[in-house]
Amino acid sequence: MTAAALVPLGLVAGCGEKPVTVYKAGKYQGKADSQPWDNERFKGDRNAWEKAIKDRSVAQNEYARVAHSK
Amino acid sequence: MRTSHGSFVWRLFLLLALLAPGLAAAAPQPFVPPSSPESAREQAQRQQAQPYNNAPMWRDVRSEREHQTQVRGIETGVLVQSGGETWRELRNGPVSLIGGLLLVAIAAIILLFHVMHGSIKVTSPPAGKMIQRFNDWERWVHWSVAITFCILAISGLIILFGKNVLLPIIGHTLFSWLAILSKNLHNFVGPLFIFSALVMFVTYVKDNLWKSYDFRWFKNMGGMLGGEHIPSGKFNAGEKVWFWLGLFVLTIIVAVTGLILDFPNFEQGRAIMQQANVVHAIAAILYMALSLGHIYMGTIGVEGAYDSMRTNGQVDEAWAKEHHGYWYEDVKADRTGQKAAAGVAGAGQVPQAGR
Amino acid sequence: MLLTKKASSQAGTRGRLSRQVAGYLGNTLDRRAFLKRSGLAVGAGAFATQLPFAMIDKAEAAKQGGGETRVARTVCTHCSVGCSIDAHVQNGVWVRQEPVFDSPLNLGAHCAKGAAAREHGMTDHSARLKYPMKLEGGKWKKLSWDQAMKEVTDKMLAIRKDSGPDAVYWIGSSKHSNEQAYLMRKFVSFWGTNNCDHQARICHSTTVAGVANTWGYGAMTNSYNDMQNSKAILFLGSNACEAHPVSMLHTLHAKENGAKIIVCDPRFTRTAAKADYFVRIRSGGDVAFIFGLLHHIFKNGWEDKEYIRQRVYGMDKVKEEVMAKWTPDKVQDVTGVPEEQVYTVAKMISENRPSTIVWAMGQTQHSNGNAVVRASCILELALGNVGKSGGGTNIYRGHDNVQGATDVGPNPDSLPGYYGIVEGSWKYWCRVWGVDFEWVKKQFASPAMMTKPGITVSRWIDGVLEKNENIDQDSNLRAVVYWGHAPNSQTRGKEMVEAMKKLDLLVVIDPYPSATAAMAAMVRQDGVYLLPACTQYETSGSVTASGRSLQWRERAIEPLFESKPDHTLMLAFAKKFGFDKELAKNYKIVKDKDGWDEPEPESILREINRGVWTIGYTGQSPERLKLHMKNQHTFDVKTLRAKGGPCDGDYYGLPWPCYGTPEMKHPGTPHLYDTSKHVMDGGGNFRANFGVEKDGVNLLAEDGSASKGADLQFGYPEFDHLLLKKLGWWDDLTEAEKKEAEGKNWKTDLSGGIIRVTMKNHGCHPFGNAKARAVVWNFPDPIPQHREPLYSPRPDLVDKYPTHDDKKAFWRLPTLYKTIQQANKDISKEYPLIMTSGRLVEYEGGGEEQRSNPWLAELQQDMFVEINPKDANDRGVKAGDYVWVETPTKARLKVKAQVTERVGAGTVFLPFHFSGWWMGKDMLEYYPPGSAPIVRGEAVNTATTYGYDSVTMMQETKTTLCKIAKA
Amino acid sequence: MARMKFISDAERCIECNGCVTACKNEHEIPWGVNRRRVVTIDDGIPGERSISVACMHCSDAPCIAVCPVDTIYKTTEGIVLHDKDLCIGCGYCFYACPFGAPQFPQDGAFGLRGKMDKCTFCAGGPEADGSEAEFKKYGRNRISEGKLPACAEMCSTKALLGGDGDVIADIYRNRVVFRGKGSEVWGWGTAYGKPEKQQPQQQPAAQGAKS
């Protein structure tokens, strides 16, 4: 009887929406996907990677190369 | 036979009523397309009066109207199709939640019922004389519908609930394998099911036409209320409800919506797919819920019922008399066009497991 | 539960299992299968064969080889903005394309074409011409280079022998680098003819002539970047959003900072969508519209009176004319623009100064194109905008090197640097080339032919078809060489195939010669040769952007297939013709991998540096240009000037004029005629090129008007040895310079001494200091006149504003004006719709190159006509229907209808990049196998009508008539 | 911590389709599949504005929520990626996505759509970064090279910005201050008419009239 009652409960837990999967520590479920700074270029230096990304982000801003006063 | 059939039908209506608001919500939001040039002119004027107000444009963005784009394809001109959010909320919310609960609850109730009451036995002793209830063709048709139905049901359940139920247990790889299998089975078996159901409808419709005594059957819900057996035709009213509501109405619903989803290559837009998916899921869950009752009644729920769909489709006369009195009389009077089978030796009243 | 653990901890096994599973189900696609299936899923079989599936394999093969990645900085070849591209090349394969944020011109930005540039380096499924071919018995046949060169040159020499050198017509290219374009002019000269031309004829020849005759130089006065300094920008005849998308980076930046953008166009273009104010004008009414603006400017006293007094000649006459003739009612009658709108525009550009006017082919391609562009110049002069940062006339040119090819390339009326073709010019250039003038003279049919402008590319068909007694040379044209030019960009396509049919020989030298090839194969059985040239990514050289900045292109990849660089081919031809020694006398010769002789581009540029003093192509040595390319990040985006670094003080790309020798270190000129700067800082003033006085009126600048810091703060003529001596500056020259400069002027002094002394020592401008001319007395219309197009929708206006009289021998050909206009005066009854044409952002020019690029072709798959809903409804045409567009030539185009309010009622628009259909029929069967572009469609110019500018022979494409019926 | 975002500035986009071909070029996307597209509203009439759209890498991504096999995931940088090995090609992500980002390479009879393909923010997928397998399945991984998506980097008028949400919001905010309008950010909020969950800093400070 107990088992009969528990199985449906377990199944009910499967209904509805689960929170979004955010991959952790460079791993997404079973599939390895290294962090973008874990490679030859950045050698695991996350700060260097973040700086590179920031530089490229800023490069999209033409105001950075044009003097303006306003 | 007394209670179960009737109670299921009643529950079904209740559930439909419950889900109706959900269905309504799935319908597209009414929306008035702005007639372009006018709205643009209005926008231009507004730009003069309120230079920084782009409100009409951003309203336009959400309008789901086809705008201009150089990229070809279905609905590529639609910038934002916000129906997806409604669909997601319905599918991941009420549809899977209530639907899942419903299926689990019904399974549990049947289990409970069976544990408490056991099978419905034939009260009179077996006559020992067998009559033909379903011929070969009828059984073939029934089983092709039944098997395709089960495949669809199981694969559908895997797609709807598997991520939360199976995936944590068997892992991504295996589950993906299962899901790909399920998806492809579902997509290819679906049309087969529709075809089988169509044939079944034609084959069985004659015996499922409503008769006046069927309403009497309803009055005491197949004997559940009055305790007295109401005789019925080849199919009793409960089975006719299953035929009309299940095989007819729900099949049409799942078939139409299923085909919309199965063949996305006819340029149907996302809105119709979203609606189709919700309706498909609701109808399929109801179908499955009903089928649980049917399967129960057809197997262990009613002693002797399973024989009629077994190897030779024959039932004991006593069973026939008790459950389908009018039909039994018709058969005896040879009004069915169906010959009573020659008496079969041996008292085969106990269904044999396996053939 | 075990499975979960396993799945999450052993990633490796997971992948394998999944692959097995996938294989079992047959539903998982690897990328290649994915590509294939998805391609087939498109359904269109024609596309499927063109898809670049296998290209990936090639690139990947190289990647797996793991060679070093080399980065070549090259420049996009798709328009004149000059966007830098970093090509990453591995094992000779162009594997990646990276944006160049450092470039001050584009800051990494690209339009669809630039972002798809790498496709040029992909070899599989390429629609390029892969090896020499000839048409034989109506079939395309492969040839070896040796065989092809022999047959082609033998035939040419035979034609030359029979009919003289003028019987061959050479169509050069605005996609050639400066070095190739320059070498082309030299090559054609040594062949012995002036019968050469290139795209500039049909895009901005009216601009060059009109603008140069107004104030000195035929070029954009400022730069794309300088838009950032404008307070108001008037686009009249330019759709920069589609034709020069990256320029909009600067324009929209300006808008963000308060500049007003005004667009006047027959269409509500994408540029108009970004404008603050849009005016819809009748196509061809430009002069009337501009004079309408001037009417309000003069009436309200908004003109810059002091500027006009000091620096402009003839504005009073223009004012008189404008006030009398171009009252608002008349402007409205001609242009359809109500007074209030004209007034608003006039007010906006007057109150927000410096303001600038931008134009492209919308102004130039009219039979009065030279008048339109001069009216624009007058407008800017009246507002005092010219020679100022943020002002000027910004003339957006088309091809990547159309400015450079105009400056130093194959023009029928001029030697490199606008030296003209009078005997003195020839002698000067023979000196630079180091060849004997008498020898060159002998190459020509006669001395008279040497100084007679050649036939223009817009009219070569008449050079073939016209009766011999009517043309101003001995023989009709018998051979035509299409060396980097599309046929579908010239008008009267129907007559072009007749001309092609009649030719003895047609040679096409191009990476994508197929449009020409297919047209010719449609009407011929033989006598057509296709020679594969490589693209600019496969060679190196300098390229001049519209803003006059020169950039050096590094070779990204080796020439693909059997193609060769154009300059290599020119030398190969010269060898066969027997003047290779003369042609390559000053050049270093490099052997390529097949043993061909390639004249080194650097050494060609040095020869240009040595000769082109007039427009200042002398300071841009290859070393300086390469230094700029390496140090792009040191240049300011708004001023284009380097701050610090090895190029300190230079303007980016040494925008010409960059005077003097490279050693003089002139920084280039960012804005022409800018008196607020010292000449050695890129300052200047209007050129003294038209004498010192006209009818007693002083043509030199008035006192007080001169470039900053000049020793002479008043008007002065151009410098020569006499003026130097008179001023007592002669002794500033070194002895060596004196020797060279004796008897010379600043343009012909090969030592550069006169320029050095004038500029560096005395701050004066070598070309003098004069006034700009509002009245160009040597033009047919000294004051610009509105003249109705030859095919006008308004018979009443034809009477009021008739076109010119017919001309008998104009660029060697009789040219009709009045005859055509009168004969077609009432044609608008039958052909009521104004037909105009223009660009799409995905394509460029003839479009063969882009329509062969799947990334671009996918975005524009159908030739179409834009038609107003009213006109469409009147004809029962629905969006997406095929319609027939028929013009008075009876040519019929089958195109898809795009029903849109973008065009006004009564006007239709067709893009001009398509070819490959001929009046409803796909020409696929006529293409050389494997070189048909993915997208083919009707060429608008199959149907365009007669009509040529009265100065330059610019074709009239922007205004003609048509009718439309449902197909 | 970088949270990767796209912003498409409708005041600047000129529908040059540079982003579309930049994407094709970088990832060698075949004919018929477009991870990015430009949509023009009120084409050819006053009010015409264009917006470049692809996967917007939503914070609360509907595609992730509906994927029946959990193949779509979010990286720590906020990039929404997916595993093509797991994808069953059901098309649910396509139903759920308001932007039409998921692409399928096949026409889909019997639901055979092939593996879903979409914008990866140039971050590849669950394969070794920069590997052959990653390129074949997902395209190039620019993020691991310290670069941003090719479409945004090559945008002709810098209308499409991509990168760290804070940084590009700053760039955008600066522009809005200069021009005084067009503060409406195109993205999740636009799609659903409500501000994006978990990303309050995404909206520039200078809010104009927002519908």
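When reading the values below, keep in mind they use all heavy atoms of this one structure, side chains included, and skip hydrogens, waters and symmetry mates. Numbers restart at 1 for each chain; the letters A, B, ... are given by sequence-line order, proteins then strands.
- Screening D:Lys158, D:Arg179, D:Arg49 for a side chain to side chain donor-acceptor pair (under 3.5 Å) involving D:Asp9 leaves a single residue, D:Arg179.
- Comment: D:Glu28 does not engage D:Lys137 in a salt bridge, judged by the lack of any side-chain N to carboxylate O separation of less than 4.0 angstrom.
- A:Gln60 touches chain D through backbone and side chain together, each having a heavy atom under 4.5 Å away.
- Considering only heavy-atom pairs separated by less than 4.5 Å from chain D, the leading option among A:Glu40, A:Lys54, A:Glu62 is A:Glu62.
- Proximity to chain D is limited to the backbone of A:Ala59, based on heavy atoms less than 4.5 angstrom apart.
- Of all the listed residues (A:Ser57, A:Ala48, A:Ala52, A:Ala64), the one sharing the greatest number of non-hydrogen pairs under 4.5 Å with chain D is A:Ser57.
- A salt bridge links D:Glu153 to A:Arg56: at least one charged side-chain nitrogen sits closer than 4.0 Å to a carboxylate oxygen.
- In this structure, chain D has heavy atoms under 4.5 Å from both the backbone and the side chain of A:Asn61.
- Annotation: the span from D:Arg140 atom CZ to D:Cys23 atom SG amounts to 11.5 Å, rounded to 0.5 Å.
- In this structure, chain A has heavy atoms under 4.5 Å from both the backbone and the side chain of D:Ala152.
- A salt bridge between A:Asp38 and A:Lys43 is absent, with no side-chain N of the basic residue lying under 4.0 Å from a carboxylate O of the acidic one.
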